[in-house]
Engineer: 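Below: one structure in structure tokens.
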Number of protein chains: 2
Amino acid sequence: MILAGELAAGEHLHEQALATRLGTSRGPVREAIRGLERIGLVVTVVNQGSYVRQVSEAEALELYEIRALLTGQSCAILARTVTPEQRRALRDLAQGMATAHEADDAAGYFALNRQFHEALLGFAGNARAARICGELGNELNLFRRRALSVAQNMRQSNAEHAAMLDAIEAGGPARARAAGERHIRGGKNRFTATRTISEAPDTGDLPQAGPNTARKQDQGRTTNGTIQEAPDPGGRRRPRAAERGGVRPS
Amino acid sequence: MILAGELAAGEHLHEQALATRLGTSRGPVREAIRGLERIGLVVTVVNQGSYVRQVSEAEALELYEIRALLTGQSCAILARTVTPEQRRALRDLAQGMATAHEADDAAGYFALNRQFHEALLGFAGNARAARICGELGNELNLFRRRALSVAQNMRQSNAEHAAMLDAIEAGGPARARAAGERHIRGGKNRFTATRTISEAPDTGDLPQAGPNTARKQDQGRTTNGTIQEAPDPGGRRRPRAAERGGVRPS
DNA sequence: GGACGACTCTTTGTTGACAGAAGACACGTT
DNA sequence: AACGTGTCTTCTGTCAACAAAGAGTCGTCC
């Protein structure tokens, strides 16, 4: 639900509501939340609840850097080890993305893009790196949402994919690595360029509190103590207040 | 408890026993297990329970590669951005490790080593990379345990730390990156060399079943479906059999 | 009129109990 | 004697209920 955008970034996770919605009880929901917390999709404040993680721009840039490294390394490895079947599979995925782009099928494009990167990392033989890269991509989706569905960006991304494959097939490890890193950093730049679009809080139908509602907040001590990040619920903590008066102007 | 070695790799996590031992009930234990599962310290099989993750040698090598990349990148960044305070902090940690090595203080050495790498990654400015690297180190500890407490290895590791710092301070990004990668790959080689030592199952006081006890095992379908790894409980699944007759020879 | 304090309500944290599943043991059959 | 089947026990998965803590609201006092 988080990745699908049904739960907005910063949104409070109401355990009972989720349980009834999923047709189960609070126990399984809590266990799931603990798992999401560990992979960084959710932040929990003791005695207050859990919130969908809000990725700051600085953090997003960090994630891009890690992905660039891992992707570049995978390309470098593939330049030496790629098999004809793998080449064909990657080319097919790239071709599929091109047609999806022409058909203006953003959803299909994203699915294929994910498969492409997953296959690339997987072929390189480091399953764990592939898993990490996928999780980082998930977190990035929390931030960028669909701000990247600009057609121009899709085309540019496709060109970079082709360059990566060319470098893998004929360029040698160093060039392949550079192409891989360039692609991710290109995505990073596209993200930075279109960031202002998603800057507007797009919480959909949720009532939105003002940016400086007085709140105790306790400086966000999380249960595992790793990410001391202010949850900033964004909307209401107690539904009652929002439903009755809406935003309380300080 | 896993990192401290109280729970051996492959050991079954008995929820009720853990709950009573920790003075709580099964709910919080289950939530904690879900978190550990997400970061890869625990593997769960449905309707069978959770086991401390067993890291295969191939996986361990993968983890080393990822750490090498991240560490090398951090060194490259630090070569351009390191401040005098950071240099001093890293030098102090390296010096502390040297004295710990001379004093044969393996525990102190490991603690300092962890701090050193944490500080290195942290100074490089990518908090997430630091976190990932730390988690990977935790997982590696599942495997290598204390096979690396050989004095010779400590000395070699110290020399590599010094080389990293030298390269960061005077060598430029490329040399610093190479030094960082060389250190982690050196650890990888030391791990491979001493691997046979830890190969002997060191489960301590646990009764150990024979290597080929017939078991259904269901090929280990996990709850999240990511790591299809055979749990291989290693010891007993039901205490009764082991307590009554011990190992049943086929 | 504004600020402080008590009260109430909602939500989380935790517990105990129940149902289902899976393995182990014992018995009967081939 | 070996194999298959039935039963039993144990453990996990899930649920409903209780206790505690925090936040909002209302009343009172300065």
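In what follows, every chain begins at residue 1, and chains take the letters A, B, ... in the order their sequences are listed.
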Engineer: Tabulated below should be each protein N or O lying under 3.5 Å from an N or O of nucleotides 15-17 of chain C; please produce it.
Structural biologist:
unit_1	atom_1	unit_2	atom_2	d
C/dT15	OP2	B/Thr24	OG1	2.7
C/dT15	OP2	B/Ser25	N	2.8
C/dT15	OP2	B/Ser25	OG	3.0

Engineer: To the nearest Å, give me how far apart CG (B/Leu13) and C1' (D/dC11) are.
Structural biologist: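 Spelled out: CG on B/Leu13 to C1' on D/dC11 is 13 Å.
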Engineer: Could you state the atom-to-atom distance from CG of B/Asn47 to P of D/dT9 in whole Å?
Structural biologist: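 Between P of D/dT9 and CG of B/Asn47: 20 Å.
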Engineer: Going by an N to O cut-off under 4.0 Å, is there a salt bridge joining A/Glu65 and B/Arg128?
Structural biologist: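 Result for this pair is no, no salt bridge flagged.
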Engineer: Any side-chain N or O of B/Arg30 below 4.0 angstrom from OP1/OP2 of D/dG13?
Structural biologist: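 True: B/Arg30 side-chain N/O within range (under 4.0 Å) of D/dG13 OP1/OP2.
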Engineer: Rounded to the nearest Å, what distance is computed from the CD atom of residue B/Glu37 to the C1' atom of nucleotide D/dT12?
Structural biologist: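 Roughly 14 Å, once rounded to whole Å.
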Engineer: Is the phosphate of D/dT12 approached by B/His12 (side-chain N or O, under 4.0 Å from OP1 or OP2)?
Structural biologist: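 Answer is yes, contact under 4.0 Å.
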Engineer: Rounding to an integer number of Å, can you tell me how far A/Gln16 CD sits from C/dG13 P?
Structural biologist: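 After rounding, the reported distance stands at 14 Å.
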Engineer: CG of B/Leu18 versus P of D/dT12: gap in Å, rounded?
Structural biologist: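 These atoms are roughly 9 Å apart.
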Engineer: With rounding to the nearest 0.5 Å, note down the distance linking CG in B/Leu36 to OG1 in B/Thr44.
Structural biologist: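 Nearest 0.5 Å value for the CG-OG1 distance: 9.0 Å.
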Engineer: Between D/dG22 atom P and A/Tyr51 atom OH, what is the distance in whole Å?
Structural biologist: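 In whole Å, D/dG22 P and A/Tyr51 OH are 12 Å from each other.
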Engineer: Who passes salt bridge (Lys or Arg N to Asp or Glu O under 4.0 Å) against A/Arg114, sequence neighbours left out?
Structural biologist: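 A/Arg114 satisfies salt bridge (Lys or Arg N to Asp or Glu O under 4.0 Å) with no residue once adjacent residues are dropped.
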Engineer: Counting distance only, does the side-chain N/O of A/Ser157 pair as donor-acceptor with the main-chain N or O of A/Asn153 below 3.5 Å?
Structural biologist: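 Not confirmed, A/Ser157 side chain does not pair with A/Asn153 backbone.
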Engineer: Report yes or no: does B/Thr20 contribute a side-chain atom to a donor-acceptor pair with the main-chain N or O of B/Ala17 at less than 3.5 Å?
Structural biologist: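 Confirmed, B/Thr20 side chain pairs with B/Ala17 backbone.
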Engineer: Rounded to the Å, how far apart are A/Glu15 CD and C/dT10 C1'?
Structural biologist: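 Whole-Å distance recorded here is 13 Å.
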Engineer: What's the shortest heavy-atom distance between A/Met97 and A/Tyr109, and which atoms?
Structural biologist: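 Nearest pair, atom of A/Met97 first, then A/Tyr109: O-CD1, 3.5 Å.
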